[in-house]
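Sequence lines set the chain letters: A, B, ... in the order given, protein chains first and strands last, and positions in each chain run from 1.
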There are 2 protein chains.
Amino acid sequence: MARAKQLRSVKTRERLLGCAREIVSDSGFADLRVEQVVTAGGVAKGTFFAHFSDKDALMDILIGERVDALLDDLDAVGGFRSIAHVVESIMPLLSFLSSERYVFDIFLRLSGALAVEKVGAIAKAICRYDRILVQKLKGGPFRQDISAELQSEGIQAFSVSSVALSLCTEHGDKTLRDRLAIQLQAWLSPKQMPDRDM
Amino acid sequence: MARAKQLRSVKTRERLLGCAREIVSDSGFADLRVEQVVTAGGVAKGTFFAHFSDKDALMDILIGERVDALLDDLDAVGGFRSIAHVVESIMPLLSFLSSERYVFDIFLRLSGALAVEKVGAIAKAICRYDRILVQKLKGGPFRQDISAELQSEGIQAFSVSSVALSLCTEHGDKTLRDRLAIQLQAWLSPKQMPDRDM
DNA sequence: CCAGATTATTGACCGCGGTCAACATAGGGG
DNA sequence: CCCCTATGTTGACCGCGGTCAATAATCTGG
């Protein structure tokens, strides 16, 4: 018979999460060490891994909640009115993802569900992101020949590639935004007359 | 005065590379250990890092040369004649990238030049990939409202996102190919009448 | 052929993520 | 109240990537 989780345990977990958040806000995600967290939390190393399967699982939570907060903002804006509106709306999220290479790496690695059961915070957030995009794309002033779902897929694909590029070339948000705007223009509002049936 | 690289050194490096290739062909990229390589090569661990800045640098070479070989095949086909032709042409590359999660991770991490000087094999290969795509897209039966360069960017973005998704959901190439085909159809041959000026 | 200067190699050592058998601390019947 | 069992916690230990001062091998000019 499974017994309920003890209060002591949840408190330990919350304490570790709190310490981790503090460390991240002090020195960023990439420099966080598990040792730091357990020292700050006053527990042994093993305890950490009793609460989180690995370091990535902690990062999944920390980054996932950040993304989720940014999605709250995104959710608050109305339906998309233009390409520029789309770009402006998702830029905060992309800025966060490109703020640290490590964050982007984690995000990509944990973006999908590895197994059906172990869907993490980031994976959940991405599903939510997709739902939000689809909802705001519906009825938007964009191409009608493909579904909002497919439009959303494209936005995500271009977003990821733009962030990846911006991390490589070490340019700022400016380049990211401009490149994305061009790509989304071509994706969401193609100007082609379909003269040929190809 | 800088002295020339000694023959012994080149031979050591080549031996390490050879051993590494063997190990990879035996047990894949992810399971390769630096210790394995140096043991097989009959040198000390430090020697490895005298020849490669880190393990990633070795992977960059090994994966880069694989990609380059696949690009040779791609280069051999003529200009793109259809969406299906594009998909079939690049599928070998995408299959390789999705063969191991580790390979894809390395590929993404090293896909851009971190510094201007240290452009690795993978980054070079991607540049070549882009050039090849652009060349084969020019004059293709696709949309005319955007440049071949932009078309190529989109293909790369959709490719990456398709591979990433296929790694998460653990489906085979089939799903990857189908999803990519749909996305590229919408990207390269939009069916929209531009009735509105948006 | 030798001496000094460069380059190549060595292996003990470190940092850090992750493991695990042993131990501590709760609950819940009897 | 005590014992039993499930749950929590511990810290020594491991694997593996990466470092570096010391040593060996090689080259070059005199």
Item to complete: Send over the distance from B/Phe52 CZ to D/dG18 P, rounded to a whole Å.
Response: 13 Å
Worksheet item: Taking NZ, NE, NH1 and NH2 as the nitrogens, is one of them in A/Asp72 or A/Arg128 under 4.0 Å from a carboxylate oxygen of the other?
Response: yes
Fill in: Along DNA chain D (nearest heavy atom to each residue), the more 5'-positioned of B/Arg8 and B/Asp56
B/Asp56
Practice prompt. Give a yes or no on whether the ring-centroid distance for B/Phe158 and A/Phe158 is below 6.0 angstrom.
Written response: yes
Discussion item. Would the distance check show the side chain of A/Thr12 and the main-chain N or O of A/Arg8 forming a donor-acceptor pair, the cut-off being under 3.5 Å?
Written reply: yes
Worksheet item: Whole Å only: how far is the CD atom of B/Gln36 from the P atom of D/dG18?
Response: 15 Å
Item to complete: With the side chain of A/Lys55 defined as its heavy atoms from C-beta on, choose the nearest nucleotide among C/dG17, D/dG11, C/dG11.
Response: C/dG17
Worksheet item: Taking only side-chain nitrogens and oxygens of B/Ser9, does any of them come within less than 4.0 Å of OP1 or OP2 of C/dA8?
Response: yes
Worksheet item: B/Leu7 near the nucleic acid: base, sugar-phosphate alone, or nothing, with a heavy-atom cut-off under 4.0 Å?
Response: nothing
Worksheet item: Is the backbone of B/Ala186 close enough, under 3.5 Å, to the side chain of A/Arg143 for a donor and an acceptor to pair up by distance?
Response: yes
Worksheet item: Could you give the NZ-to-C1' distance, from B/Lys5 to C/dT6, as a whole number of Å?
Response: 14 Å
Worksheet, complete the sentence: Checking C/dT9, C/dG17, C/dT25 against the side chain of A/Phe49 (C-beta onward), the nearest is C/dG17
Worksheet item: B/Arg13 has an atom CZ; how far is it from atom P of C/dT7, in whole Å?
Response: 17 Å
Worksheet, complete the sentence: Whole-Å distance, A/Asp54 CG to D/dC14 P, equals 22 Å
Worksheet item: Taking CG from A/Asp31 and C1' from C/dC16, how many angstroms apart are they, rounded to a whole number?
Response: 13 Å
Worksheet item: For A/Lys45, which contact category applies under a 4.0 Å heavy-atom criterion: base, sugar-phosphate, or nothing?
Response: base
Item to complete: Indicate whether OP1 or OP2 belonging to D/dT9 is found under 4.0 Å from a side-chain N or O atom of A/His51.
Response: yes
Worksheet entry | Heavy-atom donor-acceptor pair, A/Ser189 side chain to A/Gln185 backbone, under 3.5 Å | no
Discussion item. As a test of reading the structure: which of D/dT10, D/dA25, C/dT10 is closest to the side chain of A/Val43, going by heavy atoms?
Written reply: D/dT10
Discussion item. Does A/Thr47 reach a base, just sugar-phosphate, or nothing at all? Heavy atoms under 4.0 Å.
Written reply: base
Worksheet item: How long is the line joining CD of B/Glu35 and P of D/dT19, in whole Å?
Response: 15 Å
Practice prompt. Among C/dT9, C/dG17, D/dG17, find the nucleotide with the atom closest to the side chain of A/Arg33.
Written response: C/dG17
Worksheet entry | Short side-chain N/O contact to D/dT9 OP1/OP2 from A/Thr12, under 4.0 Å | yes
Worksheet item: Quick one: B/Gln6 CD to C/dA5 C1', roughly how many Å, whole number?
Response: 12 Å
